[in-house]
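Here the structure comes first, spelled out in structure tokens, and everything after it is commentary.
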Amino acid sequence: MASLPSVLVGNNTLKLEPDFKKHLPTTSLSVQQKGNYNNKTATTQLVESYESVSLDFREALSVIQDGSSGFESNVYIPILQECMNNQSVSQTQMIHAHIIKTGTFEDLYLMTFVVNVYGKCGAMDLARKLFDDLPKKNVVTWTSLMSGYIQSSEPMVAIRVFSEMLEDGTYPTNYTLGVVLHACTLLLSVKLGEQLHGFIVKYQVEDDTSIGNALSCLYSKCRSLDSAVKAFSRTGDKNVISWTTAISACGDNGDSVMGLSLFTEMLYDGIEPNEYTFTSVLKVCCFMQAMGVGSQVHSLSIKLGYQNNIPVTNSIMYLYLKCGLISEAKKLFEGMGKISLVTWNAMIAGHAKMMEQAVDSLLAHSSGMEALNIFKKLNRSNMKPDLFTYSSVLTVCSALVALEQGEQLHAQTIKSGFLSDVVVGTALLNMYNKCGSIEKACKAFVEMSIRTMISWTSMITAFSQHGHSQQALQLFEDMRLAGVRPNKITFVAVLSACSHAGMVDEGLAYFKLMKNEYKIKPVMDHYACLIDMYVRLGQLDEAFDFIKKMEFEPNEFIWSNLIAGCRSHGNLELAYYAAEQLLNLNPKDCETYVLLLNMYLSAGKYQDVSRVKKRMKIEKVGKLKDWSWISVRDKVHSFKPDDRLCPPGGEVDLMLADLLEKARTIGYEAQGSFGVTDEEGLEQTTSKIIHHSEKLAVAYGLLNAPNESPIRVIKSISMCSDCHSFIKLISVITEREIIIRDSKRLHKFVNGKCSCGDFGSLM
DNA sequence: CTAGGGTTAG
């Protein structure tokens with residue numbers, strides 16, 4: 001904000017005159033203009049009729065030329081509108097030249113329109129040049145120029161133009177203030193926005209519709225829903241835009257209940273929703289994953305004629321995906337006559353979201369693969385991916401641990417220039433982190449020219465997940481020095497770094513800092529970190545005390561961590577208790593049963609075994625799906641324990657046998673655990689345990705991945721402790737980095753050590 | 001000249 005024009009900041013605030021209000025038009029300018037457009041002269045209609053049969057501009061212009069005796073400059077308006085729709089700079093230039101030739105350039109109203117069209121086509125250099133050449137300009141001309149800069153994502157320039165206008169002695173209208181407020185919104189500058197708001201209050205124009213709408217939008221985008229709603233309620237004549245802005249504010253700030261009730265209220269008030277309203281209210285539905293309400297909104301949109309509207313259909317498609325209805329989304333996608341880049345992006349992002357939400361890892365994996373497929377199709381189409389596309393696809397690569405595709409995307413973002421976008425940069429950082437490469441994640445972070453709070457948090461999280469607690473905490477201090485305010489997620493990373501390193505005092509100090517200095521209310525995840533801290537140190541009683549006096553019902557992570565601690569520190573009674581609690585939380589989760597059964601079996605508590613088995617039957621718990629995937633040279637290979645891809649005597653089988661032999665010489669002994677269940681119950685799996693899917697995938701990787709490159713595997717359930725200790729040894733024997741992302745966390749095995757600190761394998 | 005659909009961290 002340092003380079004804001006001096007008229008707008010500091011002592012020398014806005015130079016608006018006290019009688020500013022009388023310069024606000026009583027009727028809105030746009031209505032006057034619209035009136036002019038509709039007042040068609042015979043020539044205009046002639047031109048329009050030509051337009052409807054052919055888009056040949058020369059032909060249209062020749063008509064004007066033929067009847068050039070005494071025609072109005074208005075005849076250009078429909079053609080210019082066509083230029084705007086086509087986003088064609090060259091067509092606009094042609095008309096512009098024609099206007100100059102016929103001498104109509106003295107018409108300020110017409111020339112303002114041309115400035116506007118250049119702006120809409122993104123040709124701001126031409127717009128500015130024309131503007132500078134104009135002998136006279138009025139407030140609409142100035143406003144049009146500003147609006148053009150906003151369209152070209154140059155809100156700062158728009159504000160500079162505003163200050164030029166004030167220095168020029170031209171008074172703003174309500175529309176002008178709306179545009180400037182919009183620039184503040186894009187800059188997320190509440191400060192400047194509030195300054196303008198001050199003047200707006202002083203001149204008592206707060207109830208103006210354009211101003212109220214713009215204020216509401218500004219506060220919403222700056223995450224202040226209360227102020228946004230206040231601005232909305234103070235708006236005098238609420239039009240469809242006012243309502244839509246308010247609904248959209250609710251969607252953006254997570255108050256879906258208010259969003260839906262505003263929509264209902266709006267319908268009761270007899271305001272007809274338009275395409276913008278539909279997209280906004282559908283976003284609210286997305287937030288709630290409310291397919292029921294969404295369907296009703298969908299029906300209403302069709303009734304009002306938006307069946308073939310691209311933005312509305314995109315929103316519905318995205319809602320389907322958010323609600324897990326893939327085939328419905330696909331049907332809609334394939335049925336769309338025209339699609340936009342946003343359509344592609346919504347499909348990709350929707351599949352990425354499905355991965356995130358899917359309880360079933362198989363489904364998550366196939367959604368990710370489908371997202372990559374859609375991306376490939378987009379690349380073959382005539383459209384080019386943009387920053388939204390790259391952010392989503394990179395996220396998909398993270399979740400798939402698909403480093404090679406991720407690296408190709410990295411190259412593409414450099415080539416296309418989208419890497420300079422902070423969201424894309426952050427997504428890249430996360431991709432490298434989740435693929436196990438802390439070095440490349442770090443490089444991506446260092447090379448970013450702008451860093452948001454999320455970028456910092458991502459990097460702190462990366463250090464924390466890799467077990468580099470000191471670096472995580474150092475970076476947190478750097479973040480504070482850089483003046484970036486952490487949020488609750490940042491503190492999750494910080495606290496988990498502390499627990500990983502056993503730093504109890506520091507952990508508690510950061511917890512206090514979060515509550516006292518940053519006024520962040522602790523959530524479950526923070527408590528989970530603190531409890532994990534005690535658990536790792538073997539202070540189980542302290543951990544349990546903490547759980548008891550906490551104001552939340554403990555979640556599955558807390559119980560899981562407690563179980564892990566109890567087992568490694570030999571407090572079995574507490575472990576049983578925690579495991580039963582976990583089971584009550586997750587009565588359908590197969591992994592939990594396997595964990596519990598293993599515990600009781602190894603202790604010889606057969607009564608408990610049969611009790612748990614009985615419950616398993618009642619709950620109809622299915623088979624444990626142990627799958628692993630590895631991506632080698634752009635192709636994904638999947639493995640199941642009894643995989644036909646790895647027949648006895650095949651290369652993977654031989655490789656695994658060889659590894660087992662070598663591991664035994666340095667002390668490996670297969671643990672007799674009960675890994676896999678079927679409908680009948682449990683099978684003793686000492687023989688099967690050596691065929692757990694990640695062992696097969698790692699063996700395959702060692703055979704087929706490029707020499708010395710790390711092995712990256714993704715797994716559908718959490719690793720069992722046997723695989724965990726086996727892979728640790730493999731990392732010593734082969735001197736390779738092995739990265740396994742299971743359903744719970746990242747394991748990076750280097751030289752016999754795992755980044756999880758041996759606290760991540762329960763089964 | 002104002003309003004929209006798709007993006008990043010646990």
Side-chain angles (χ1 to χ4, degrees), chain A residues 28-30 33 112-113 115-116 119-120 139-148 150-151 173-182 208-214 216-217 239-248 251 274-283 286 309-319 340-350 352-353 386-395 398 418 421-431 433 452-462 464-465 487-493 495-496 523-526 528-529 557:
Chain A
S28 94
L29 273 172
S30 72
Q33 285 179 347
T112 298
F113 205 97
V115 169
N116 198 12
K120 275 278 156 56
V139 61
V140 185
T141 327
W142 284 100
T143 309
S144 295
L145 186 68
M146 287 164 52
S147 175
I150 285 175
Q151 290 264 315
T173 65
N174 51 348
Y175 284 105
T176 319
L177 291 174
V179 173
V180 186
L181 283 169
H182 193 62
D208 176 86
T209 310
S210 311
I211 289 175
N213 296 352
S216 171
C217 184
N239 62 13
V240 61
I241 298 172
S242 320
W243 287 96
T244 304
T245 308
I247 293 168
S248 158
N274 62 17
E275 53 175 325
Y276 295 94
T277 324
F278 283 119
T279 52
S280 303
V281 75
L282 285 166
K283 197 171 176 180
C286 250
N309 181 286
I310 297 179
V312 174
T313 315
N314 285 346
S315 302
I316 294 160
M317 195 183 76
Y318 190 63
L319 178 62
S340 64
L341 182 57
V342 179
T343 316
W344 288 107
N345 290 347
M347 277 299 270
I348 294 168
K353 277 276 176 309
D386 68 357
L387 67 163
F388 289 94
T389 328
Y390 286 120
S391 322
S392 299
V393 188
L394 281 167
T395 308
S398 313
F418 287 115
D421 179 77
V422 62
V423 178
V424 175
T426 307
L428 185 74
L429 184 174
N430 285 312
M431 185 277 291
N433 172 42
T452 61
M453 182 268 289
I454 297 182
S455 321
W456 287 94
T457 303
S458 301
M459 196 62 231
I460 295 169
T461 303
S464 179
Q465 286 175 344
N487 74 350
K488 60 177 183 183
I489 298 173
T490 321
F491 277 102
V492 171
L495 293 176
S496 106
V523 295
M524 178 81 76
D525 292 337
H526 300 127
C529 289
F557 294 105

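Note that the coordinates shown come from a computational prediction; the quantities given were computed from them, not determined experimentally. So that the names make sense, note that chain A is the first sequence line, chain B the second, and so on, each numbered from 1.
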What's the separation between atom [atom1] in [X] and atom [atom2] in [Y], rounded to the nearest 0.5 Å?
X        : Y        : atom1 : atom2 : answer
A:Thr244 : A:Asn274 : OG1   : CG    : 5.0 Å
A:Asp421 : A:Tyr390 : CG    : OH    : 12.0 Å
A:Ser458 : A:Asn433 : OG    : CG    : 8.5 Å
A:Leu429 : A:Ile454 : CG    : CD1   : 12.0 Å

What is the separation between atom [atom1] on [X] and atom [atom2] on [N], rounded to the nearest whole Å?
X        : N      : atom1 : atom2 : result
A:Trp456 : B:dG10 : CH2   : C1'   : 19 Å
A:Phe278 : B:dA3  : CZ    : C1'   : 15 Å
A:Leu394 : B:dT7  : CG    : P     : 14 Å
A:Asp525 : B:dA9  : CG    : C1'   : 12 Å
A:Ile460 : B:dG10 : CD1   : C1'   : 12 Å
A:Phe388 : B:dT7  : CZ    : P     : 8 Å
A:Ile316 : B:dG4  : CD1   : C1'   : 13 Å
A:Ile150 : B:dC1  : CD1   : C1'   : 9 Å

Quiz item: When only distance counts, do a donor and an acceptor, one from the side chain of A:Ser340 and one from the base of B:dG5, lie under 3.5 Å apart?
Solution: yes
Between [options], which nucleotide has the shortest distance from any of its atoms to the side chain of [X]?
X        : options             : answer
A:Lys120 : B:dT7, B:dT2, B:dA9 : B:dT2
A:Asn116 : B:dG5, B:dG4, B:dC1 : B:dC1
A:Ser210 : B:dG5, B:dT2, B:dG6 : B:dT2
A:Tyr175 : B:dC1, B:dG5, B:dT7 : B:dC1
A:Ile241 : B:dC1, B:dT2, B:dT8 : B:dT2
A:Ile489 : B:dA9, B:dG5, B:dT2 : B:dA9
A:Pro311 : B:dT2, B:dG6, B:dG4 : B:dG4
A:Ala427 : B:dA3, B:dT8, B:dA9 : B:dT8
A:Thr143 : B:dC1, B:dA9, B:dG5 : B:dC1
A:Asn345 : B:dG6, B:dC1, B:dA3 : B:dG6

Does [X] have a side-chain nitrogen or oxygen under 4.0 Å from the phosphate oxygens OP1 or OP2 of [N]?
X        : N      : result
A:Lys283 : B:dG6  : yes
A:Lys488 : B:dA9  : no
A:Tyr318 : B:dG4  : no
A:Gln465 : B:dG10 : yes

Within the structure shown, what part of the strands sits under 4.0 Å from [X] by heavy-atom distance: base, sugar-phosphate, or nothing?
X        : value
A:Thr395 : sugar-phosphate
A:Thr426 : base
A:Met317 : nothing
A:Asn430 : sugar-phosphate
A:Ile310 : base
A:Ala493 : nothing
A:Asp386 : base

Exercise. Specify the closest pair of heavy atoms between A:Val424 and A:Phe418, including all atoms of both residues, with the distance to one decimal.
Key: CB-O, 3.5 Å
Practice problem: Assess whether side-chain hydrogen bond (donor to acceptor under 3.5 Å, both in side chains) is satisfied between A:Ser280 and A:Thr277, documenting all intermediate values. | Solution: CA-CA 5 Å; A:Ser280 303; A:Thr277 324; over 6 Å; no
Quiz prompt | Criterion side-chain hydrogen bond (donor to acceptor under 3.5 Å, both in side chains) on A:Ser216 and A:Asn213, from CA distance to verdict | solution = CA-CA 5 Å; A:Ser216 171; A:Asn213 296 352; over 6 Å; no
